[in-house]
Amino acid sequence: MVIDITDVTPLFIWLLGPEWTEGRLFHPLPLTVFLLLLIAGLSWLVVRLRKGHGSTDRGAARAIGGGSAAAIVLIALGIIAWKLLLLGKAEEIAWTLTLADFAEGLRNSCFKGLQWLLGGGWHQGALYWWFLVIISAAAAVFVLGWLAVALRRGPIKALETSGRAIGDCALDIIRISPRRVGALAWLGIKESIRRRVVVVFAVFILILLFAGWFLDPGSIDPARLYLNFVLTTTGYLVILLLLFLSSLSLPADIKSRTLHTIVTKPVRSSEVVLGRIAGFTAVATCLLLIMGVISYFFVERGLAHTHVIDADSLKTVEYAGRPTGRQGVTTRVHEHRHKVVVDPSGNGRVETEQGHWHELDEDWKELLSKESAGKKYQLGQPEGMLLARVPVYGKLAFRNREGESTDKGINVGDEWTYRSYIEGGSLAAAVWTFQGITEERFPDGLPVDMILGIFRTHKGNIEKGVTGSLLLRNPRDGPDVKPTEVEIFESKEFQIDNRLIPREVRTPDGKKVDLFKEFVSDGEVEIWLRCVDMAQYFGVAQADMYLRAHNASFAWNFAKGYFGIWLLGLLVITLGVLFSTFLSGPVAVLATFGALLGGLFHDFMFRLATHQTYGGGPFESIVRILTQQNVTSEMEPGLRTTVVQTLDQPAAFGLWLLAAVLPDLSRFNVFSKCVAYGFNIPGDTILTYTCRTFAFVLPLFVAAYLCLKNREVAR
Amino acid sequence: MQSEIIIETRNLTKVYRDFWGRQKVRALKALDLEIRRGEIFGLLGPNGSGKTTTIKLLLGLLFPTTGQALVFDRDAREVTKNERIGYLPEESYLYRFLNAEETLDFYGRLFNMPRAVRRQRVADLIEMVGLDWAKRRQLKEYSKGMTRRIGLAQALINDPELIVLDEPTTGLDPIGTREMKDLIIKLRDEGKTVLLCSHLLADVQDVCDRIAILYQGEMKEMGRVDSLLKVQDVTEIRVTGLSAIAQEEVKRAIEHNNGHVLNIGNPTTTLEDLFLKIIRESEEHPGRRVRGVVEKT
Ligand SMILES: Nc1ncnc2c1ncn2[C@@H]1O[C@H](COP(=O)(O)OP(=O)(O)OP(=O)(O)O)[C@@H](O)[C@H]1O
Ligand SMILES: [Mg+2]
């Protein structure tokens with residue numbers, strides 16, 4: 001279980017600092033003032049330009065066009081001058097703005113936290129790279145357009161034409177009319193309804209009805225199973241539907257020529273494109289809202305069950321001949337039973353099984369008394385099954401069997417190297433250092449969640465789990481201060497094991513001390529994990545232990561999971577609309593589908609393009625298949641190899657370019673994963689992914705607009 | 001007095017190419033047109049002569065291969081000119097899943113009209129095209145003529161200054177046709193400009209002030225309808241109450257002055273004759289402007 005987020009950057013602390021003036025927002029004050037002025041100036045310009053009479057005025061278009069052309073020239077000159085004057089060396093004019101850097105920027109735009117957006121320095125953040133890529137792409141289009149016209153009409157005329165084109169483009173986007181977009185969006189919604197979007201609901205309900213057959217509520221983690229199921233089903237259904245809706249809509253309008261009647265009204269291409277996107281987004285929103293509500297109740301109903309305690313079946317526990325409480329199990333429902341323990345003072349509890357427990361409405365004391373004889377007690381609905389844990393992650397380091405620091409544990413060989421192993425019965429330990437641990441955040445002690453991999457070299461007692469221990473140490477203590485053992489536990493494999501390290505800790509010499517006073521310095525604490533059983537191993541990775549600060553609302557987290565699907569849907573809609581502006585219906589569907597697949601296998605494409613995979617590019621692979629060579633052996637040197645590998649170069653470049661431009665869609669499953677595994681989706685993640693989505697949606701929208709504007713609608 | 005030029009084309013040429021960029025059809029060859037405010041201009045020509053192509057070029061639905069199309073003195077590709085244009089396409093390309101009111105309201109919104117204005121205008125237009133009884137029915141249930149009527153209403157939603165009608169009377173019943181012609185003349189009288197193309201020569205003759213005749217993408221004739229139809233070398237004398245003897249006398253008098261009596265009766269020169277003559281001559285002498293009479297108003 002890998003969760004993608006390992007840190008949580010509180011946005012406001014970053015922006016405003018602990019005292020509200022120390023953060024980044026006010027750090028270089030002149031910069032802030034400048035930015036504010038810039039924003040004010042731009043808004044003023046936009047308002048002025050929007051006001052202009054409905055018709056495009058050529059003056060404004062020319063001014064914008066000329067301005068942009070001048071800006072491009074100035075920036076280029078500026079870069080050259082800067083390179084020449086400041087660095088002084090001629091050979092340094094190697095352009096820093098190379099494609100490789102763009103790709104790096106694009107790929108880096110999926111950093112964690114918020115830092116990725118603006119970076120340490122102004123030129124390191126994703127935003128900067130994004131602007132760089134957008135401006136370069138725009139400049140490339142401008143230059144190509146200019147060249148195309150210049151060949152026919154000469155350079156000066158071409159400059160005017162392409163300048164005006166930029167101006168028109170800017171005006172077309174600035175002067176978008178909400179009423180027209182609204183009308184077109186309304187049309188898109190109507191069209192979706194006509195295309196029987198409702199059928200998707202029917203399919204969804206049908207799938208849910210039959211899901212009961214193969215979703216086993218008695219499995220080891222039923223909540224994960226159910227949540228994964230509903231999220232994946234809704235995701236696929238909605239994405240597929242949006243794919244077809246968005247990429248078939250414009251071609252259908254072009255074919256039936258209904259678009260003729262629209263574009264002969266004063267409707268800008270930007271409004272047509274935006275109207276479609278808005279309409280289908282509205283459809284997606286409604287669909288997801290309704291499906292979300294249905295799924296929520298489906299999961300609740302599917303997991304709902306109660307158990308019965310038969311009072312007669314509880315055994316009385318005796319200690320020194322006196323009855324001290326009762327023990328037993330509940331009835332078996334969903335293929336599990338819970339242990340029931342009632343202690344002599346009348347505190348009863350139902351133990352956790354399959355990640356949940358139940359509460360008893362009646363008083364537990366009754367179970368100790370004679371009255372309970374022959375009675376059956378019904379337990380409440382499952383508790384703690386649908387969670388949104390808010391984890392605090394630590395940094396992991398290791399100690400080897402002699403107790404010395406190492407950066408890695410043992411690799412037990414047959415397993416995925418994601419986890420490192422520590423040996424039982426030795427001094428080997430996994431040490432997590434947590435930050436930001438305060439009394440206010442954890443008033444009752446430290447709730448520790450662990451997911452341990454277990455590797456047994458001998459069977460031992462297979463009924464019992466491997467025994468482990470948790471220890472505490474103050475990070476400020478000297479190297480020879482040993483950690484204090486606070487908890488011995490029996491491990492559960494593949495399940496989240498939750499333990500609470502209480503505030504009151506008993507030291508080896510029998511003193512009782514407060515956890516925060518003794519082990520926490522500056523909010524830092526070390527938690528050590530050791531394996532107690534000889535010759536058994538625990539496997540851990542950094543994210544395998546975390547402190548649970550509190551639980552967030554599950555319903556809200558579930559909604560966030562659906563928001564993730566919504567973001568992906570928005571991307572699909574924009575891609576579909578873009579392709580449909582210049583391709584016919586079926587081809588547009590295929591292209592969108594291809595882009596989706598490309599986005600899902602983004603990492604693989606990148607590795608393929610940069611020769612990090614075996615077997616070479618497409619041509620080399622074909623040769624290998626035909627000559628039945630395996631993929632790892634070197635190709636024989638010779639003419640054939642040279643030809644084939646030379647042919648592969650441009651193919652690899654094309655693939656690389658594609659991979660650099662396509663969004664990495666496989667990462668979007670962090671949303672459903674978080675929900676299914678019961679983790680809260682942090683605000684940072686939502687912000688990051690929203691930014692990433694719009695970082696693609698905006699340029700795709702502009703591209704779609706340009707394609708439609710330059711298309712002869714009546715062909 | 002010369003009124004303002006509304007439509008102007010200069011050397012307008014359109015070549016349809018296929019996917020590979022190969023030339024398929026030269027649909028329009030170097031068309032020069034000038035249409036002024038307040039006239040009804042008719043484009044005539046046999047099937048496939050380039051009438052619809054011209055209209056699409058003027059509306060920016062197609063881009064010219066060479067030459068220029070200007071509407072309201074702006075490039076035809078600018079969308080903002082459409083605020084003053086109403087267009088009735090060859091067939092009514094409307095959304096069949098909307099009803100009449102929704103359709104008109106939708107196009108009204110595309111003109112950025114406020115709701116109250118829109119509602120009034122929609123009601124007026126539905127009333128005008130006589131579809132009050134069917135305004136809540138989806139367009140897919142409409143007959144051809146009804147769709148045509150709603151198409152017309154759609155073209156007038158913005159009270160346009162220039163109305164472009166591609167074969168306005170097809171699919172209309174005789175009463176509808178009459179109403180359409182009356183409407184076109186009424187619009188002209190309100191100071192609007194109308195560009196229409198049609199095969200129905202009688203209609204064109206009835207309403208148009210000026211016409212241009214296209215044949216295989218070339219303009220063969222253009223001018224005022226009345227002067228085009230004037231047969232220059234024929235004198236028409238219309239008299240009533242002339243006895244047979246008196247007719248003989250007149251005839252003799254004409255022959256005496258070296259005139260030649262063709263026929264005495266009602267003259268039948270119509271646009272149809274003119275049209276057929278031009279097409280026939282064009283087939284015989286491709287590439288020649290038939291009469292070369294370009295009448296300026
Ligand atoms: N999309 C197209 N692709 C290729 N050729 C076309 C296309 N549209 C029209 N043409 C050709 O252009 C020529 C002119 O067509 P156009 O539609 O303008 O004729 P029209 O005068 O409107 O005829 P009709 O009276 O039948 O409506 C024809 O030869 C036609 O085949
Ligand atoms: Mg036609």
*Asks:* Would you say CZ of R17(B) has more than 12 non-hydrogen atoms from neighbouring residues, nucleotides or ligands within 6.0 angstrom?
*Replies:*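 Above 12, so yes.
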
*Asks:* Quick one: do K265(A) and V79(B) satisfy side chain to side chain contact (heavy atoms under 4.5 Å, CB included)? Show the steps, please.
*Replies:* CA-CA 7 Å; K265(A) 306 281 178 271; V79(B) 285; over 6 Å; no

*Asks:* If you compare all heavy atoms of N112(B) against all heavy atoms of S177(A), which two are closest, and at what distance to 0.1 Å?
*Replies:* ND2-OG, 3.3 Å

*Asks:* Could you tell me which portion of L184(A) (side chain, backbone, both or neither) has an atom closer than 4.5 angstrom to a non-hydrogen atom of chain B?
*Replies:*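 Contact with chain B involves both backbone and side-chain atoms of L184(A).
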
*Asks:* Please check if the number of heavy atoms outside E8(B) that lie under 6.0 Å from its CD is greater than 12.
*Replies:* yes

*Asks:* Test: salt bridge (Lys or Arg N to Asp or Glu O under 4.0 Å). Region: residues 177-189 of chain A. Which pairs qualify, not counting sequence neighbours?
*Replies:*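 Sorted pair list: R180(A)-E271(A).
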
*Asks:* Taking atom CZ of F63(B) as the centre, report whether more than 12 heavy atoms of other residues, nucleotides or ligands fall under 6.0 Å from it.
*Replies:*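 Yes, CZ of F63(B) has more than 12 neighbouring heavy atoms, counting only those of other groups under 6.0 Å.
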
*Asks:* What I'd like to find out is whether the side chain of R194(A) reaches to under 4.5 Å of the side chain of Y95(B), using heavy atoms alone.
*Replies:*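 No. Closest side-chain heavy atoms not under 4.5 Å.
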
*Asks:* Report the option among G60(B), P114(B), G86(B) that has the most heavy-atom pairs separated by less than 4.5 Å from atoms of chain A.
*Replies:* P114(B)

*Asks:* For residues A183(A) and L110(B), report the shortest heavy-atom separation together with the two atoms involved.
*Replies:* CB-CD2, 4.2 Å

*Asks:* Check the surroundings of atom CZ in F593(A): do more than 12 heavy atoms from other residues, nucleotides or ligands lie under 6.0 Å from it?
*Replies:* no

*Asks:* Given a strict heavy-atom distance threshold of 4.5 Å, which part of P160(B) is in contact with chain A: side chain, backbone, both, or neither?
*Replies:* neither

*Asks:* When only pairs under 4.5 Å are counted, which of E91(B), E102(B), R77(B) shares the most heavy-atom pairs with chain A?
*Replies:*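 Among the listed options, the one with the most contacts to chain A is E102(B).
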
*Asks:* Does any heavy atom of chain A fall under 4.5 Å from the side chain of L98(B), the backbone, both, or neither of them?
*Replies:* side chain

*Asks:* Identify the residues of residues 574-589 of chain A whose heavy atoms come closer than 4.5 Å to a heavy atom of chain B, ordered by number, or report 'none'.
*Replies:* none

*Asks:* Heavy-atom cut-off 4.5 Å, strictly under: side chain, backbone, both or neither for R84(B) against chain A?
*Replies:*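 When you check distances to chain A, no heavy atom of R84(B) falls under 4.5 Å.
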
*Asks:* Is any side-chain heavy atom of E712(A) less than 4.5 Å from a side-chain heavy atom of Y16(B)?
*Replies:*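 Answer no - side chains too far apart.
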
*Asks:* Under 4.5 Å, heavy atom to heavy atom, which residues of residues 248-264 of chain A contact chain B?
*Replies:*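 From residues 248-264 of chain A, the residues near chain B are D253(A), S256(A), R257(A), T258(A), H260(A), T261(A), I262(A), V263(A), T264(A).
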
*Asks:* If contact means a heavy atom pair closer than 4.5 Å, which residues of residues 145-158 of chain B contact chain A?
*Replies:* Q154(B)

